[in-house]
Amino acid sequence: MTSFDSSPQFNVWRTLLALAIVLVMLATSGWTAARHQRGDTNPLQRALNAWSDGRFQGKALPDADAPSAKLAGFFASLSRAQRLDLAERYPLAVGNMNGAPPKLRYRANRIALEEAVGVERERVRDHRLSTEGRQEADRRMHRFLSLLHPKRHVLAFDPTGRGRVAEVFGNLDRAARVSVVVPGVDTDVLTYERTYRTFSAPAGMAKSLYKAERAQRESSLPRSASGAPRVAVIAWADYTSPAGIGVDAVTAKRAEDGAVRLSNLVRSLPGKKSVALYCHSYGSVVCGVSARDLPSRVTDIAVAGSPGMRAANAAQLGTGARIWAMRDQDDWIGEIPNLELAGVGHGTDPVSAEFGARVLSANGAAGHAGYFEPGTESLDNFARIGVGAYQTLRCAAGTNSCYHDAEDVVSA
């Protein structure tokens with residue numbers, strides 16, 4: 001006998017309920033994020049305008065939005081002193097410029113962060129602001145101070161509005177394989193890292209994955225001559241994510257904007273290293289939208305706790321990358337109806353048989369935010385993908401073929 005929970009009538013009811021919720025959000029929340037944006041001038045745009053108006057050795061500077069290969073050529077033509085001079089004159093522009101050498105971006109973003117600390121310190125002391133405003137400024141100031149730690153490598157930083165940031169764990173220049181963590185809703189400079197529930201925030205996710213990949217690589221290969229495993233992980237909170245479960249979270253606008261930025265990041269990575277994407281929650285929508293435009297160096301796209309990838313099936317993503325999917329049995333996202341109607345909803349469930357992804361075990365993840373927790377099969381599987389150890393992956397219960405035709409590519 002068919003259970004009530006899987007009956008056609010129940011599924012129709014769930015779909016109608018989901019649509020009703022969306023309509024209520026449209027009617028009541030409106031463009032909440034827009035109403036709460038800060039009113040100050042965009043610091044990054046000011047920096048880009050200054051770069052656009054600037055001149056170097058009597059010549060106009062290249063367009064900051066030029067292809068990363070062209071910008072990489074420009075910076076390669078300069079001496080070290082000349083590159084540092086540009087970073088000091090235009091820190092926020094250079095720090096966010098795809099094509100600029102990673103180490104130069106780290107240097108530029110340190111300068112930009114120091115300037116941002118000064119701005120927030122003044123706001124903390126500004127009694128024209130409300131108590132809430134000064135408290136927010138204090139939180140932002142301390143976040144920026146944390147990012148200024150000498151051992152941190154900030155690849156992108158934008159203090160505008162809720163703020164954006166990307167950070168590198170490992171040596172991006174030397175790495176043979178790079179993993180990029182793409183987080184979901186409510187990601188900004190204040191939620192980028194957490195003391196409590198550390199591994200549910202982008203910084204904690206990436207740091208956990210980096211440590212797991214190093215351990216996995218060391219167990220798969222003898223250590224290289226330098227003694228350093230050649231992997232790097234990027235915590236990529238460099239797109240404007242939806243603020244809460246509102247209108248933006250059930251549509252693709254934020255994902256479409258983020259997809260352009262994600263594709264630009266991947267294309268700008270130095271060398272010919274292969275790339276794996278790890279896309280959590282709404283981050284999987286970003287990865288799904290970007291998939292068709294990603295370069296072939298992206299070999300793997302793994303989604304966890306996904307509401308959908310804006311596609312009916314994996315083939316519709318239009319990428320040659322392997323598509324992996326996982327969901328913990330206690331993840332609440334599994335209760336959300338998978339639909340796409342008039343731009344609302346994100347399509348077929350990636351862990352469903354009809355989607356056609358390679359479904360992995362997420363045992364131990366314990367809910368929606370636990371996929372990067374140490375000791376979970378979800379994190380172990382992510383790490384195996386990251387180093388190319390496909391034949392040791394653990395498939396979801398009921399299947400043992402998730403890694404068929406995926407040959408190990410771990411290399412020294």
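Both backbone and side-chain heavy atoms feed into the values below; hydrogens, waters and symmetry mates do not.
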After noting the C-alpha distance and the side-chain angles of D293 and S290, does the key distance pass the side chain to side chain donor-acceptor pair (under 3.5 Å) rule? CA-CA 6 Å; D293 295 323; S290 68; over 6 Å; no
If you compare all heavy atoms of V181 against all heavy atoms of P183, which two are closest, and at what distance to 0.1 Å? O-CD, 3.5 Å
Once rounded to the nearest 0.5 Å, what's the spacing between atom OG of S378 and atom CG of N363? 8.5 Å
With side chain to side chain donor-acceptor pair (under 3.5 Å) as the criterion, how do R162 and S241 come out once you've worked through the C-alpha distance, each side chain's angles and the decisive distance to 0.1 Å? CA-CA 10 Å; R162 292 163 53 206; S241 73; 3.2 Å; yes
Atom CZ of R197 with >12 non-hydrogen neighbours under 6.0 angstrom: no
At what distance, to the nearest 0.5 angstrom, does CZ of R214 lie from CZ of R230? 13.5 Å
Note, R261 side chain near R164 side chain (heavy atom, < 4.5 Å): yes
Calculate, to the nearest 0.5 Å, the distance between atoms CG and CZ belonging to L294 and R292 respectively. 11.0 Å
When you measure from the side chain of D330 to the backbone of A366, do you find a donor-acceptor pair of N or O atoms at a distance under 3.5 Å? no
Sequence neighbours excluded, the answer for side chain to side chain donor-acceptor pair (under 3.5 Å) partners of R143 is E193
Validation row: F74, L86 side chains within 4.5 angstrom (heavy atoms): yes
In terms of ring plane angle, is the pair F169 and Y210 parallel, tilted or perpendicular, where the classes change at 30° and 60°? tilted
For V119 and F144, what are the C-alpha separation, side-chain angles and deciding distance, and is it a side chain to side chain contact (heavy atoms under 4.5 Å, CB included)? CA-CA 11 Å; V119 169; F144 299 158; over 6 Å; no
Might you point out which heavy atoms bring G244 and D186 nearest each other, and give the distance in Å? N-OD1, 2.7 Å
Would you find more than 12 non-hydrogen atoms of other residues, nucleotides or ligands less than 6.0 Å from E132 atom CD? no
Compare all side-chain heavy atoms of T299 with those of S274 and state whether any distance is below 4.5 angstrom. yes
If every non-hydrogen atom of M326 is compared with every non-hydrogen atom of A362, which pair is closest and at what distance? SD-CB, 3.9 Å
Spatial distance of atom CG (D238) from atom CG (N264) [nearest 0.5 Å]: 10.0 Å
Run the side-chain donor-acceptor check on residues 54-67: report pairs under 3.5 Å with partners two or more places apart or on a different chain.
unit_1	atom_1	unit_2	atom_2	d
R55	NH2	G58	O	2.5
D63	OD1	D65	N	2.9

Check: D188/T191 side-chain N/O donor and acceptor closer than 3.5 Å: yes
Minimum heavy-atom separation for I385 to A276, with atom names? CG2-CB, 4.4 Å
N96 side chain near N109 side chain, heavy-atom distance below 4.5 Å: yes
Tell me, with the steps shown, if D405 and R358 meet salt bridge (charged side-chain N to carboxylate O under 4.0 Å, His left out). CA-CA 11 Å; D405 74 13; R358 302 163 187 260; 2.8 Å; yes
Are the side chains of I301 and M309 in contact, using a 4.5 Å heavy-atom criterion? yes
Check whether any side-chain heavy atom of P43 sits under 4.5 Å from a side-chain heavy atom of R46, and report yes or no. yes
Tell me whether R322 forms a cation-pi arrangement with Y390, defined as NZ or CZ under 6.0 Å from the six-membered ring centre and within 45 degrees of its axis. yes
Minimum heavy-atom distance between R177 and G386, given as atom pair plus value: NE-O, 2.8 Å
Taking the six-membered ring for Trp and the full ring for Phe, Tyr or His, determine whether the centres of Y371 and F382 are under 6.0 Å apart. no
What do the steps show when you test E213 against S179 for side chain to side chain donor-acceptor pair (under 3.5 Å), and what is the final call? CA-CA 9 Å; E213 285 188 2; S179 297; 2.6 Å; yes
Does F75 reach the side chain of M97, with side-chain heavy atoms less than 4.5 Å apart? yes
Please evaluate residues S200 and R194 with respect to the criterion side chain to side chain donor-acceptor pair (under 3.5 Å), reporting the C-alpha separation (whole Å), side-chain torsions for both, the decisive distance (0.1 Å), and the verdict. CA-CA 8 Å; S200 66; R194 294 188 177 103; 3.2 Å; yes
Please determine whether side chain to side chain contact (heavy atoms under 4.5 Å, CB included) holds for the pair D257 and T240, giving the CA-CA distance in whole Å, both sets of side-chain angles, and the decisive distance to 0.1 Å. CA-CA 8 Å; D257 295 342; T240 302; over 6 Å; no
Donor-acceptor pair, side chain of R105 and main chain of V154, under 3.5 angstrom: no
Test your reading of the model: is there a side-chain donor-acceptor pair from D138 to the backbone of R134, 3.5 Å cut-off? no
Kindly indicate, with the supporting measurements, whether the criterion side chain to side chain contact (heavy atoms under 4.5 Å, CB included) is fulfilled by L155 and L265. CA-CA 10 Å; L155 187 67; L265 165 81; 3.8 Å; yes
Spacing of CG belonging to L147 relative to CD belonging to E114, to within rounding of 0.5 Å: 12.5 Å
Closer than 3.5 angstrom, by distance alone: can the side chain of E335 be matched with the main-chain N or O of W332 as a donor-acceptor pair? no
Would you confirm whether K273, through its side chain, and V178, through its main-chain N or O, come within 3.5 Å as a donor-acceptor pair? no
If only atom types and distance count, is the side chain of R384 paired as donor or acceptor with the main-chain N or O of T392 below 3.5 Å? yes
Which residue in the set L262, V275, V180 passes side-chain contact (heavy atoms from CB on, under 4.5 Å) when paired with V298? V275
Is any side-chain heavy atom of L145 less than 4.5 Å from a side-chain heavy atom of M141? yes
Verify, without hydrogens or angle tests, whether Y239 (side chain) and V260 (backbone) share a donor-acceptor contact under 3.5 angstrom. no
Any side-chain to backbone donor/acceptor pair from R83 onto L78? Under 3.5 Å, distance only. yes
Name the one of S263, S68, S268 that satisfies side-chain hydrogen bond (donor to acceptor under 3.5 Å, both in side chains) with N98? S268
Examine distances only and state if a side-chain atom of N381 and a backbone atom of L393 form a donor-acceptor pair shorter than 3.5 Å. no
Look only at the side chain of R297 and the backbone of L269, and say whether a donor-acceptor pair between them is shorter than 3.5 Å. yes
Search all heavy atoms of A116 against all heavy atoms of F157 and return the closest pair with its distance. CB-CZ, 3.8 Å
State plainly whether the residues R123 and E120 are in salt-bridge range, i.e. N to O under 4.0 Å. yes
Tell me, with the steps shown, if C279 and V286 meet side chain to side chain contact (heavy atoms under 4.5 Å, CB included). CA-CA 8 Å; C279 320; V286 178; over 6 Å; no
CD1 of I111 to CZ of R89: how many Å apart, nearest 0.5 Å? 12.5 Å
